[in-house]
Amino acid sequence: MAQFNIAHLYPDLMNLYGDRGNLICLQKRLEWRGQECRIQNVGLGQSIDFAAIDMVFMGGGSDREQGLVYADLIKRAEEFRQAIETDLPVLCICGAYQLLGQAYISADGQRLRGLGFFDFTTQGSQPRLIGNILVETELGGQTTTVVGFENHGGRTFLNDARLKPFGRVLKGYGNNGQDGFEGIKYRNLIGTYLHGPLLPKNPVVADFFIKAMAVRRGMDANITPLYDAIETFAHQQVKYKILNS
Amino acid sequence: MLRTIIAIAAAKIIINISRRFGNQGTVLAGRVARWLDPGILKKLAARVTGEVIIITGTNGKTTTSNMIAQILGANGNSVVHNQAGANMLNGITTAFIAASSLKASRHWDYALLETDEANVAPLLNEVNAGQLLITNFFRDQLDRYGELDRTIRLISEGVRGRDIRLWLNADDPLMSALPRDTGLPCSYYGFAATAYDHEAQQDSREGRYCMLCGEEIEYRRFHFAQLGAYRCPHCGNSNPAPDYLGSDLQLGHEIVMKVNDIEVNSPYQGFYNAYNILAAVAITKGMGIADAVIKEAIARFQPQAGRMERFTVGIKEATLILVKNPTGFDQSLQALLNDRRPKNLFLALNDNAADGRDISWIWDAELEPLSSAEAELCMLVCSGLRSGDMAVRLKYAGVATDLIQIESDLDSGIQKALGGPGKVSYILSTYTALFKCRKILLRLQGDPAPSAIPGERIYGKS
Ligand SMILES: [Zn+2]
């Protein structure tokens, strides 16, 4: 039995819309496979040992909170960036996703700096893009649908040739409501606007991260399959609803 | 004047027709009247001789305003009061018209208007309110109003510069900037230490950061959620002294407590209802109503539809509970877990506009206690438009999957739950499934003609 450590960055500040569902999901799916999972909460000013963690999760927050997080995270940006380059699994949602780019420009023209890991910017605008969303993505050589809920004012445009979108929008808005792409994917990092319980209803995405954690530890890439009847039902129920709306 | 009479007549016809079809026509009547006479609400509200009182906040608005209405009624006052589910301008207009004479000549002592936080400012543009009571601020229906900060700001901006008294929850740190931001006179209600307090907050939620300076605040105790005894070490912001202090709280089959020097008891259950009682007693005491009238009205006041309403089907007991946000969900589960009998649980999750389109909030609720053996759960039936999400949430809360059943149809689902091995059943439902569940329970109970519930047909989409 191995112990996996997942760092939850700024849970007090970046925690909207049931984001913790994603952590509960990863923890349970590791436990059901006989592994141990420790969630380490990291707040403002607390240290992170990137060598000792298997995954990073960061959720959404308001503009004010995003500013505080930027000021703190920029101090360890270089370590974080290097860990991403060495295939650290990372899931960043909404505000955390926007923070990975160059900047967030609010509707009234205020410029909030981003960590600048990738070349993209987000422009705040009205109306907010809200609703259920259906995305098609390719993970581990397998094409799959992803269902979720998006609620963001920001429009994100990708300029970075290294980046692939997380997926193609089948129904909903995605990055900007125009180019048909959703989120970003780079090595084992996913940035996305699909908030809240993304992983529980999309066990394929959850297992993508678990597999990546295992491989990075030098363990067998063939992780034990789980019986996902309830998850699959929930996924299909939402998918059907979206396709028929 | 003629325009007003036509508007009232048209709305009254709509109200009458829709009542005949078993509902109150709450929204349509008001909408038509406002179209015929845009100034109608202003004119009717001006007929209130005493005061217009607005009740807002995330949870407890309906229960609190119903209790206040009960007390005012027992005091012999005439009251205009809008119904649950009809709390936007159209619904409030309907409430005035239903209570009005055709020529708008009738006067009332009070108007008691329950409304959503975002509707306070538009409502104040049409009615001259003397008092605004806020129950609490919890995370709720974010997809409709944006973030909590914004909701609070909407209220501040709506009341600023008006001649209005605020009634605030002294235990809610999220309210602490309202006196500064509005400059208005405030009265406070709050609880002393109780036997049900916690030392630690159950989860990271609202109220961790000071509303005045942004630093992290410290708590001495939590009543529940972010309600408790707090202090900001940076700027000293702390609980204001309550003008109306709840103490000696006993929660069980009923609620017994003291408010300042009077003892009240109520057939309600749960800490959240103790807050509703405290708020209702505080504001009516503040209005000068006699203690004996308040005590009597609170003791007689029975739970409403979906607020722990009991049914008997055959020999089995079923309790219907409305859930709409994480805090309310936690509190309802706490109340049902206090019941030690073996039980069946039915959970209907809908995602229509009135429920909140985003069901992510079920992951902010603490469902993990349902997985313990002491919960004595025999069967959990997940139902509604998002039955799958509910089932997934239960599975990841650690509930054994062989206890979880999915039955999206409400009628079959409720029957399945009532037929389960547990002695009692708890029927939990979000807003747009609630009245359907109630109808099903009444039918199974053998009531020939289910009584109409105000607001029932407004959101008939599921
Ligand atoms: Zn402070």
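In what follows, chains are A, B, ... by sequence order, proteins preceding strands, each numbered from 1.
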message: With side chain to side chain contact (heavy atoms under 4.5 Å, CB included) as the criterion, how do A:Asn151 and B:Asp358 come out once you've worked through the C-alpha distance, each side chain's angles and the decisive distance to 0.1 Å?
response: CA-CA 9 Å; A:Asn151 180 352; B:Asp358 183 5; 5.6 Å; no
Verdict with supporting geometry, A:Lys241 and B:Asp351, side chain to side chain contact (heavy atoms under 4.5 Å, CB included): CA-CA 11 Å; A:Lys241 183 187 170 86; B:Asp351 64 351; 2.9 Å; yes
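Residues A:Lys201 and B:Asp389 have side chains in contact (heavy-atom distance under 4.5 Å, counting atoms from C-beta outward). Counting heavy atoms from C-beta outward, B:Arg393 and A:Ile230 have side chains that stay 4.5 Å or more apart. Counting heavy atoms from C-beta on, the side chains of A:Phe233 and B:Ser408 come closer than 4.5 Å.
Residue A:Trp32 comes nearest to B:Lys395 through the heavy atom pair CH2-CE, 3.5 Å, listed as atom of the first residue, atom of the second, then distance. Summarising the geometry of A:Pro197 relative to B:Ser360, their closest heavy-atom pair is CD-OG, 3.3 Å, with the distance given to 0.1 Å. Between A:Lys28 and B:Tyr396, the shortest heavy-atom distance links the atoms CE-O, 3.3 Å.
Residue contact with chain A, scored on non-hydrogen atoms closer than 4.5 Å, involves the side chain of B:Ile359 exclusively. Interface remark: A:Gln237 contributes side-chain atoms only to the contact with chain B (heavy atom separation under 4.5 Å). Contact annotation for A:Asn132: only side-chain heavy atoms (C-beta onward) come within less than 4.5 Å of a heavy atom of chain B. Contacts between B:Arg386 and chain A at a heavy-atom distance below 4.5 Å involve backbone atoms as well as side-chain atoms.
Ion pairing of A:Arg20 with B:Glu366 is present here, as a side-chain N (NZ or NE/NH1/NH2) and a carboxylate O approach within less than 4.0 Å.
Rounding to the nearest 0.5 Å places CH2 of B:Trp363 at 12.0 Å from CG of A:Asp19.
Interface summary for chain A: among B:Ile362, B:Leu394, B:Val392, the most heavy-atom pairs under 4.5 angstrom belong to B:Val392.
For CZ of B:Arg180, the number of neighbouring non-hydrogen atoms (other residues, nucleotides, ligands) closer than 6.0 Å is greater than 12. A 6.0 Å sphere centred on CZ of A:Arg113 holds no more than 12 heavy atoms belonging to other residues, nucleotides or ligands.
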